[in-house]
Amino acid sequence: MGTILIVDDIPDNIKLLLFELEDDGYRVITATNGREGVDSAIENDPELILLDLHMPVLNGIEALKELKAHSKTHDTPVIIISANDDIEDIIKALDLGAHDYVSKPLVYPVLAARIRSALRIQEQKHALATANDELIRLATQDPLTGINNRRSFFDLSEREISRAERLNLPSCALMMDIDHFKRLNDNYGHNVGDNALIHVTETIQHCIRPSDIFGRYGGEEFVLCCPDTNLSVATSIGERIRHSVEHTPYQHEQTPITITLSIGIALWMPHTHGFEETLKDADTALYAAKRKGRNCCHTYSDNSLSA
Ligand SMILES: Nc1nc2c(ncn2[C@@H]2O[C@H](COP(=O)(O)OP(=O)(O)OP(=O)(O)O)[C@@H](O)[C@H]2O)c(=O)[nH]1
């Protein structure tokens with residue numbers, strides 16, 4: 001059972017309700033004017049608020065406005081307790097976001113049913129929000145490594161590139177592919193391969209800035225978008241990643257397994273072409289790095305951009 005905050009300036013009203021609600025198993029906290037009520041709601045985070053309309057210091061409508069404007073309480077259901085002739089105020093309160101209202105004299109079983117209904121709806125809202133978060137996570141995260149999947153990488157990097165275009169800033173793409181990963185799978189099994197992918201992900205994460213967009217592009221291929229970054233900085237980022245992966249072996253039981261990366265780097269300049277083109281350039285550079293013998297970085301050179 002949750003906590004209910006009663007805000008009412010008449011002690012006898014509070015006493016009556018408190019007795020009934022506690023009897024139903026709720027924890028009850030109380031306040032005797034709107035000001036106290038808002039402060040108590042922010043401090044105690046109740047599941048529901050019973051708010052009287054006519055009160056000194058801050059009346060019910062003013063208190064409701066404050067509750068709906070505060071990040072800690074804007075989602076807390078509020079049931080207004082009103083007199084029968086409060087029609088205008090009841091309409092105002094519902095328009096301001098009150099969940100429901102009950103008229104005095106209170107009929108407790110009706111109020112109790114409305115409280116249960118409000119709490120049920122609140123619970124469903126939370127469950128929906130959690131399910132929504134989970135859907136977003138599934139749609140954007142690579143399930144093995146937890147980093148951006150390809151689609152999320154594209155979405156986030158497109159957003160950054162639009163910003164870079166507006167601010168006239170260069171950006172870079174790095175394509176990174178584990179060398180001879182098939183051998184690792186063949187020698188140690190697919191599960192060890194999976195754990196090695198997680199290990200490489202974590203090693204790369206230690207080398208990048210929070211503003212960089214990191215994603216898993218495919219099986220053993222990773223991609224990085226570095227906004228506001230020129231080619232010489234991107235080359236040092238690439239070299240830092242390459243060096244770190246090579247010198248942070250994956251520990252399989254007693255055996256350290258050295259993993260290396262080949263990295264292709266390409267520059268994107270504002271007002272030239274889309275970032276997808278730069279990703280293709282980085283991919284071309286990656287294959288040049290593979291041809292050069294692997295475990296190295298190669299920079300795509302297009303004189304019109306890098307000159
Ligand atoms: N364990 C594991 N292996 C994967 C995953 N995705 C792709 N792979 C494997 O990665 C390997 C990639 O092999 P190749 O494309 O031949 O490349 P490579 O062996 O890394 O060789 P080079 O890229 O040329 O250095 C294949 O054996 C895939 O099965 C995954 O999620 N987990």
Side-chain angles (χ1 to χ4, degrees), residues 134-157 172-208 212-226 231 234-268 275-302:
E134 181 61 7
L135 276 181
I136 291 171
R137 194 186 65 72
L138 288 173
T140 57
Q141 257 186 22
D142 169 52
L144 179 69
T145 60
I147 60 174
N148 293 302
N149 62 18
R150 195 182 171 116
R151 183 176 132 190
S152 170
F153 171 81
F154 275 122
D155 289 348
L156 295 174
S157 55
C172 281
L174 284 81
M175 282 285 188
M176 303 170 275
D177 188 279
I178 300 179
D179 298 323
H180 299 304
F181 192 61
K182 187 172 180 312
R183 269 191 220 160
L184 193 151
N185 269 335
D186 292 346
N187 290 341
Y188 298 95
H190 208 265
N191 277 349
V192 174
D194 280 357
N195 289 334
L197 282 169
I198 296 169
H199 169 79
V200 169
T201 303
E202 287 166 357
T203 308
I204 296 173
Q205 274 172 322
H206 283 121
C207 302
I208 61 180
D212 296 334
I213 300 155
F214 181 35
R216 188 170 172 203
Y217 206 65
E220 18 66 277
E221 196 170 4
F222 298 91
V223 63
L224 190 65
C225 165
C226 300
L231 209 45
T235 305
S236 43
I237 294 170
E239 193 46 42
R240 187 165 70 229
I241 292 172
R242 189 205 62 72
H243 182 273
S244 184
V245 169
E246 183 184 10
H247 293 93
T248 316
Y250 171 62
Q251 197 67 33
H252 169 57
E253 294 165 359
Q254 303 308 314
T255 318
I257 304 174
T258 297
I259 298 171
T260 62
L261 284 181
S262 296
I263 302 180
I265 304 165
L267 174 71
W268 172 87
F275 194 61
E276 272 195 49
E277 188 88 15
T278 302
L279 291 170
K280 271 192 213 149
D281 295 343
D283 210 37
T284 304
L286 166 63
Y287 282 94
K290 291 273 181 190
R291 279 198 306 276
K292 265 193 336 198
R294 297 179 171 78
N295 190 22
C296 64
C297 296
H298 186 88
T299 301
Y300 180 83
S301 65
D302 172 349

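All figures in this text were calculated on a predicted structure; none of them were measured in a lab. The residues of the chain are indexed from 1 along the displayed sequence. One-based numbering, in listed order, for ligands and for the atoms of each.
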Numbering as shown, the atoms of ligand 1 that approach G193 to under 4.0 Å (heavy-atom distance):
1 (N)
Judged on heavy-atom distance to atom 13 (O) of ligand 1, which of K182, H180, E221 sits nearest?
K182
Crowded around K292 NZ? As in, over 12 foreign heavy atoms under 6.0 Å?
yes
What I want to check is whether the side chains of S262 and D179 have a donor and an acceptor closer together than 3.5 Å.
yes
Which protein non-hydrogen atom lies closest to atom 28 (C) of ligand 1, naming both residue and atom, and how far is it?
N185 ND2, 4.2 Å
Is there a donor-acceptor pair under 3.5 Å between the side chain of N148 and the backbone N or O of F214?
yes
With L174 as reference, evaluate I263, T235, I204, V223 under the side-chain contact (heavy atoms from CB on, under 4.5 Å) test and give the passing residue.
I263
Atom 32 (N) of ligand 1: closest protein heavy atom, distance to 0.1 Å, is D194 OD1, 2.6 Å
Using 30° and 60° as the class boundaries, would you call the ring planes of F153 and F275 parallel, tilted or perpendicular?
tilted
Would you check whether R216 reaches within less than 4.0 Å of ligand 1, judged by its heavy atoms?
yes
Look at atom 7 (C) of ligand 1 and say which protein heavy atom is nearest, naming residue and atom and giving the distance to 0.1 Å.
G219 CA, 3.4 Å
Measure the distance from atom 18 (P) of ligand 1 to every protein heavy atom, then report the residue, atom name and distance (to 0.1 Å) of the closest one.
F181 N, 3.4 Å
Specify side chain, backbone, both or neither for D177, according to which of its non-hydrogen atoms lie closer than 4.0 Å to ligand 1.
side chain
Shortest protein contact, atom 17 (O) of ligand 1 (heavy atom only)
E220 OE2, 3.6 Å
Where is the nearest protein heavy atom to atom 24 (O) of ligand 1: which residue, which atom, and how far?
R294 NH2, 2.8 Å
Among all protein heavy atoms, pick the one closest to atom 22 (P) of ligand 1 and tell me residue, atom and distance.
K290 NZ, 3.4 Å
Do you know which of N295, T203, T258 makes side-chain hydrogen bond (donor to acceptor under 3.5 Å, both in side chains) with E246?
N295
Give the numbers and elements of all ligand 1 atoms closer than 4.0 Å to a heavy atom of I178.
20 (O), 23 (O), 25 (O)
R216 side-chain N/O to G219 backbone N/O, donor-acceptor pair under 3.5 Å:
yes
Measure the shortest side-chain to side-chain distance between I178 and L261 over non-hydrogen atoms and say whether it is less than 4.5 angstrom.
yes
